[in-house]
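These notes are about the structure you will find just below.
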Amino acid sequence: MRARATLLATMATLLVVLTTACSGPGDAVAAEADGGRRLADVTPVDDPRVATGPATAVVADASVRPVTDDPDPRLPVTVTDAQGTEVTVDDVSRILALDVYGTLARTVFELGLGDRVVGRDLSSGFAEVADRPLVTAGGHDLSAEAILDLAPTVIVTDTTLGPWDVVLQVREAGIPVVVVDSHRDVNGAPDLVRQVAAGLGVGAAGEELAQRTQAEIEAKVAQIAQVAPADPADRLRIVFLYVRGQAGIYYMFGEGSGSGALIEALGGVDVAHEIGWRGMRPVNDEGLVAASPDVILMMTDGLTSVGGVDGLLDRLPAIASTPAGERRRIVDMEGSQVLSFGPTTADVLDALAVALYAPGQP
């Protein structure tokens with residue numbers, strides 16, 4: 001448990017460093033507004049391992065799809081949160097849902113409670129929340145003053161944002177704070193929805209959204225399996241790199257980071273797991289060459305921070321010795337989406353599958 005907590009804290013810190021320096025809320029909104037292609041509407045290439053050139057994964061339709069337009073919170077509700085704290089919520093008229101991924105605010109909107117959200121964190125960049133005031137200062141640091149000024153009646157958060165003293169301060173001010181699990185992966189998305197819904201007294205809507213999320217993920221994984229090579233030996237070997245050029249941060253994500261479940265859902269081979277790469281560790285030439293990836297997944301802002309594909313090959317020359325480097329097979333996606341693992345997980349998988357299996361199609 002301690003190792004997992006350390007891993008999650010490290011991941012959160014890295015995400016904060018990168019997204020603070022490289023992105024703003026407008027970037028995510030712009031990317032979503034453009035729209036992308038759906039897997040059902042493209043023709044996969046015969047052999048994705050020999051495809052060439054970079055690709056950006058863009059969700060085809062990033063609009064919020066509430067499961068109900070008229071949620072009926074059953075209040076007061078008492079829950080035991082992810083930290084074992086018993087929390088009673090008796091008013092959800094003014095909600096703050098805050099985490100480094102932007103997943104929690106999106107979940108609240110999908111539950112039909114978006115009109116009650118009074119503020120946002122930097123990562124919550126989807127169009128429907130963009131007009132809410134920020135409660136994070138200097139990037140992803142929670143501001144007690146900004147939070148208290150909005151007079152929220154309940155806060156849903158996890159441990160990915162800090163300082164934690166701010167959370168304790170607002171709790172001491174009498175605001176109920178429901179802490180949900182900060183772990184993110186494909187399989188945990190439905191349960192995260194249930195945790196958020198339970199804390200807001202909308203268990204029925206939460207169950208509906210959780211089941212919808214699960215069904216969409218299962219259907220998408222099955223669809224992707226139809227276009228991915230059937231023989232494991234022919235599947236794309238994929239690694240997830242996390243970089244921030246200005247700070248000299250170059251990490252490869254391994255077991256426990258969530259990237260493995262994502263890669264497997266995409267019909268690929270999680271090479272970091274194959275070579276025993278655990279957690280998030282600074283990448284080295286030997287690790288990259290040993291991984292021998294066909295494709296490298298990255299966050300868009302991270303790729304931008306090193307000057308694009310050319311800059312990445314410049315800064316990490318070992319990539320050029322891998323199949324991914326030789327073919328310039330770098331797939332990037334908006335950081336607030338790619339590892340968010342919430343109600344939009346199926347859409348994220350769809351966009352990534354297009355970039356992997358049908359690159360370069362108009």
Side-chain angles (χ1 to χ4, degrees), residues 3 6-23 47-57 185 229 232-264 266-333 335 338-339 352 355-356 359:
T6 301
L7 172 61
L8 293 173
T10 302
M11 183 175 182
T13 300
L14 287 172
L15 288 169
V16 168
V17 169
L18 181 58
T19 54
T20 297
C22 300
S23 69
D47 184 355
R49 294 180 306 167
V50 299
T52 61
T56 297
D185 67 22
D234 295 331
R235 293 175 185 167
L236 288 171
R237 297 172 57 80
I238 304 172
V239 297
F240 195 108
L241 287 189
Y242 181 101
V243 307
R244 181 193 162 198
Q246 295 91 332
I249 293 175
Y250 303 93
Y251 275 66
M252 186 160 71
F253 280 12
E255 186 177 346
S257 65
S259 61
L262 179 71
I263 290 169
E264 290 172 6
L266 290 166
V269 176
D270 177 20
V271 187
H273 175 75
E274 183 181 82
I275 65 174
W277 197 271
R278 296 181 180 275
M280 293 154 288
R281 294 160 44 195
V283 72
N284 54 56
D285 291 350
E286 292 78 10
L288 276 174
V289 173
S292 188
D294 296 309
V295 175
I296 293 173
L297 291 183
M298 298 182 66
M299 295 180 184
T300 300
D301 294 325
L303 185 59
T304 300
S305 76
V306 293
V309 175
D310 289 335
L312 181 68
L313 294 172
D314 235 11
R315 295 179 186 231
L316 290 176
I319 291 179
S321 299
T322 69
E326 292 169 0
R327 299 188 177 95
R328 298 171 65 84
R329 282 284 271 152
I330 314 298
V331 172
D332 67 279
M333 190 174 197
V338 66
L339 293 178
L352 285 167
L356 290 172

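Throughout, residue positions are numbered sequentially from 1 according to the sequence presented. These numbers come from a predicted model, not from an experiment. Quick note: numbers below take in every heavy atom, side chains included, and nothing from hydrogens, waters or symmetry partners.
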[X] versus [Y], closest heavy-atom pair with distance:
{"X": "L313", "Y": "G325", "value": "CD2-CA, 4.2 Å"}
{"X": "I263", "Y": "I238", "value": "CD1-O, 3.6 Å"}
{"X": "D294", "Y": "P323", "value": "OD1-CB, 3.7 Å"}
{"X": "F253", "Y": "A272", "value": "O-CB, 3.4 Å"}
{"X": "R327", "Y": "R49", "value": "NH1-O, 3.3 Å"}
{"X": "P229", "Y": "D234", "value": "CG-O, 3.4 Å"}

Side-chain donor or acceptor of [X] paired with backbone N/O of [Y] under 3.5 Å:
{"X": "R329", "Y": "V50", "result": "no"}
{"X": "R328", "Y": "V309", "result": "no"}
{"X": "T322", "Y": "V289", "result": "no"}

What distance do [X] atom [atom1] and [Y] atom [atom2] have between them, rounded to the nearest 0.5 Å?
{"X": "R237", "Y": "E274", "atom1": "CZ", "atom2": "CD", "result": "4.0 Å"}
{"X": "L312", "Y": "T304", "atom1": "CG", "atom2": "OG1", "result": "11.5 Å"}
{"X": "M299", "Y": "R244", "atom1": "CE", "atom2": "CZ", "result": "13.5 Å"}
{"X": "Y250", "Y": "I319", "atom1": "OH", "atom2": "CD1", "result": "9.5 Å"}
{"X": "D332", "Y": "D301", "atom1": "CG", "atom2": "CG", "result": "9.0 Å"}
{"X": "L241", "Y": "I249", "atom1": "CG", "atom2": "CD1", "result": "13.5 Å"}

Exercise. Quick one: which of I296, V283, N284 gives a side chain to side chain contact (heavy atoms under 4.5 Å, CB included) with M252?
Worked result: V283
Exercise. V271 and S292: side-chain contact (heavy atoms from CB on, under 4.5 Å), yes or no, with the steps?
Worked result: CA-CA 8 Å; V271 187; S292 188; 6.0 Å; no
Exercise. Is there a side-chain contact (heavy atoms from CB on, under 4.5 Å) between L352 and L297 once you walk through the steps?
Worked result: CA-CA 9 Å; L352 285 167; L297 291 183; 4.3 Å; yes
